[in-house]
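Remarks on the structure that follows.
Reckoned from all heavy atoms, side chains included, excluding hydrogens, waters and symmetry mates. Chain naming here is simple, since letters A, B, ... match the order of the sequence lines and numbering starts at 1 in each.
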Number of protein chains: 2
Amino acid sequence: MAKIIPSENGSRKDVITQKATTLFRKKGFPATSMREIAEAIGVEAPSLYNHISSKNDILKDICFRVAKQYMGNLRAEELKNDSILAKIERIIRFHITMMVDEYETVYIADHEWRHLPEPFLADFKSQRRSYRSRLAALIEEGIDRGEIREVHPMIAVHTILSAINGIDSWQRSGKKIDPVLLEDNMTQMLILGLQKKGR
Amino acid sequence: MAKIIPSENGSRKDVITQKATTLFRKKGFPATSMREIAEAIGVEAPSLYNHISSKNDILKDICFRVAKQYMGNLRAEELKNDSILAKIERIIRFHITMMVDEYETVYIADHEWRHLPEPFLADFKSQRRSYRSRLAALIEEGIDRGEIREVHPMIAVHTILSAINGIDSWQRSGKKIDPVLLEDNMTQMLILGLQKKGR
DNA sequence: GATAAAAACTAATAATTGTTAGTTTTGACA
DNA sequence: TGTCAAAACTAACAATTATTAGTTTTTATC
């Protein structure tokens with residue numbers, strides 16, 4: 001009976017993707033059924049197939065849209081002419097902001113991507129690897145320039161990204177922490193872990 | 001035909017739990033079927049029910065065993081007479097060691113607990129909250145004593161735990177990083193984020 | 001070798017899964 | 001108002017799910 005009402009700037013497909021995002025985040029991709037997504041919208045499950053091609057396809061769209069945003073930001077930073085620490089601080093702040101503003105979407109790209117079917121799984125993993133390598137290269141350059149302590153670059157990258165990617169799991173539950181306070185505190189902690197003494 | 005062969009110091013139930021742990025980690029709890037667990041052991045699915053009472057029960061056992069270990073360690077540290085920073089450093093190292101040595105088990109307790117059925121879900125969440133609160137209290141005491149920078153205690157706790165809990169996702173894939181190097185680098189980064197300048 | 005318990009099996013359950021086929025309803029424009 | 005496509009519907013599918021019941025095999029102990 002009901003129809004999928006497209007919102008202001010979003011197609012019917014976008015409405016489905018958004019409802020699915022919420023459910024995937026709450027229950028996980030495999031534990032979310034098409035019927036649940038349909039019910040959340042107020043429609044029967046088969047109706048969804050007028051707009052999307054499969055459940056896997058929804059996941060694919062979410063994951064690659066997020067990947068594109070992060071990749072785009074990284075590329076922009078790489079091209080800037082600035083100190084390495086300033087670049088890394090901006091990247092950290094970008095990650096935190098994304099996590100706070102779009103945590104459902106980001107969460108899925110970060111936790112549910114392993115349920116992607118091939119060949120998308122391989123593609124996604126490759127992008128992920130590439131992203132982290134380029135971040136590590138940035139840190140290595142920072143060490144060479146004497147801006148950053150002599151850390152193991154890959155360990156530093158993983159530590160920073162893991163710390164940030166964990167945000168959603170606690171920012172959502174219980175009493176929320178003020179986003180600005182969160183961003184400043186966390187950024188400072190992570191930058192202090194990198195910075196050379198006496199700077 | 002085949003039988004579940006109990007290993008040296010483990011019952012048949014332990015064998016099932018261990019195989020299930022590996023699969024839950026690899027595919028996630030909802031996406032792992034009892035038939036898969038049975039096949040990994042070399043047995044038919046219904047045979048498992050001679051040793052366990054349900055699929056949920058396996059998850060419950062894993063989650064609460066891990067919770068117990070962490071709770072026990074925290075309690076021991078709380079009772080020690082030592083500087084706060086030393087305590088926190090030992091707790092951080094304990095977490096990293098657990099993550100490296102028993103990452104499959106720890107991963108499940110950290111990522112799949114939301115699939116616990118009630119009332120276990122509520123119990124687990126409560127323990128989790130309590131653990132983090134007590135860690136935050138420790139950090140607050142460190143600030144009062146002048147050992148620790150004036151960070152937001154809860155943000156610090158979440159940052160540290162998230163950083164560590166993310167380890168498995170990258171330590172498993174690609175070329176592994178030497179565990180000792182990892183522990184030292186990561187601990188140092190995190191402690192530097194807490195420590196007051198000039199110490 | 002007989003006995004009894006432990007642990008495997010086969011067969012079947014009802015429920016749920018993603019998805020397709022075919023049909024009816026809706027809504028915008030002529 | 002009639003037309004046509006978009007988008008909803010119902011019915012059904014084969015596959016898979018966790019689990020139970022009932023039966024047979026294995027193993028250890030006498």
Task: Contact list for DNA chain C against residues 53-60 of chain A - heavy-atom distance below 4.0 Å - done: S54(A), K55(A)

- [ ] Look at the aromatic rings of F29(B) and F24(B) and report parallel, tilted or perpendicular, splitting at 30° and 60°.
- [x] perpendicular

Task: Salt-bridge contact D110(A)-R25(A) (side-chain N to carboxylate O under 4.0 Å) - done: no

Open item on the list: If you count every heavy atom of other residues, nucleotides or ligands that lies below 6.0 Å from K19(A) atom NZ, does the total exceed 12?
Closed with: no

TODO: Mark yes or no for a side-chain to base donor-acceptor pair under 3.5 Å between N50(B) and dA8(C), with no hydrogen or angle criteria applied.
DONE: yes

Task: Proximal nucleotide (of dA8(D), dA18(D), dA8(C)) relative to the Y49(B) side chain - done: dA18(D)

Open item on the list: With a 6.0 Å cut-off (strictly less than), is the heavy-atom count around CD of E118(B), excluding the residue itself, greater than 12?
Closed with: yes

Open item on the list: What I want to find out is whether R75(B) reaches E78(B) closely enough, with some N-O distance under 4.0 Å, to be called a salt bridge.
Closed with: no

Task: Selection from dC9(C), dT19(D), dA8(D) that lies nearest to any side-chain heavy atom of H51(A) - done: dA8(D)

- [ ] Round to the nearest Å and state the distance from I52(A) atom CD1 to dA8(D) atom C1'.
- [x] 15 Å

Open item on the list: One thing to verify: whether E39(B) and R35(B) come together as a salt bridge, which I'm taking to mean a side-chain N less than 4.0 angstrom from a carboxylate O.
Closed with: no

Open item on the list: Quick check on contacts: within residues 24-36 of chain A, what sits under 4.0 Å from DNA chain C by heavy-atom distance?
Closed with: T32(A), S33(A), M34(A), R35(A)

TODO: Please indicate whether K55(B) has more than 12 foreign heavy atoms, meaning atoms of other residues, nucleotides or ligands, lying under 6.0 Å from its NZ.
DONE: yes

Open item on the list: Taking the minimum atom-to-atom distance to the side chain of R12(B), which one of dA8(D), dA8(C), dA11(D) wins?
Closed with: dA8(C)

Open item on the list: So if I take every side-chain heavy atom of E44(A) and compare against dT20(D), dC9(D), dA8(C), which nucleotide ends up nearest?
Closed with: dC9(D)

Open item on the list: Does the plane of the ring in F124(B) sit parallel, tilted or perpendicular to the ring in F64(B)? Use 30° and 60° as the thresholds.
Closed with: perpendicular

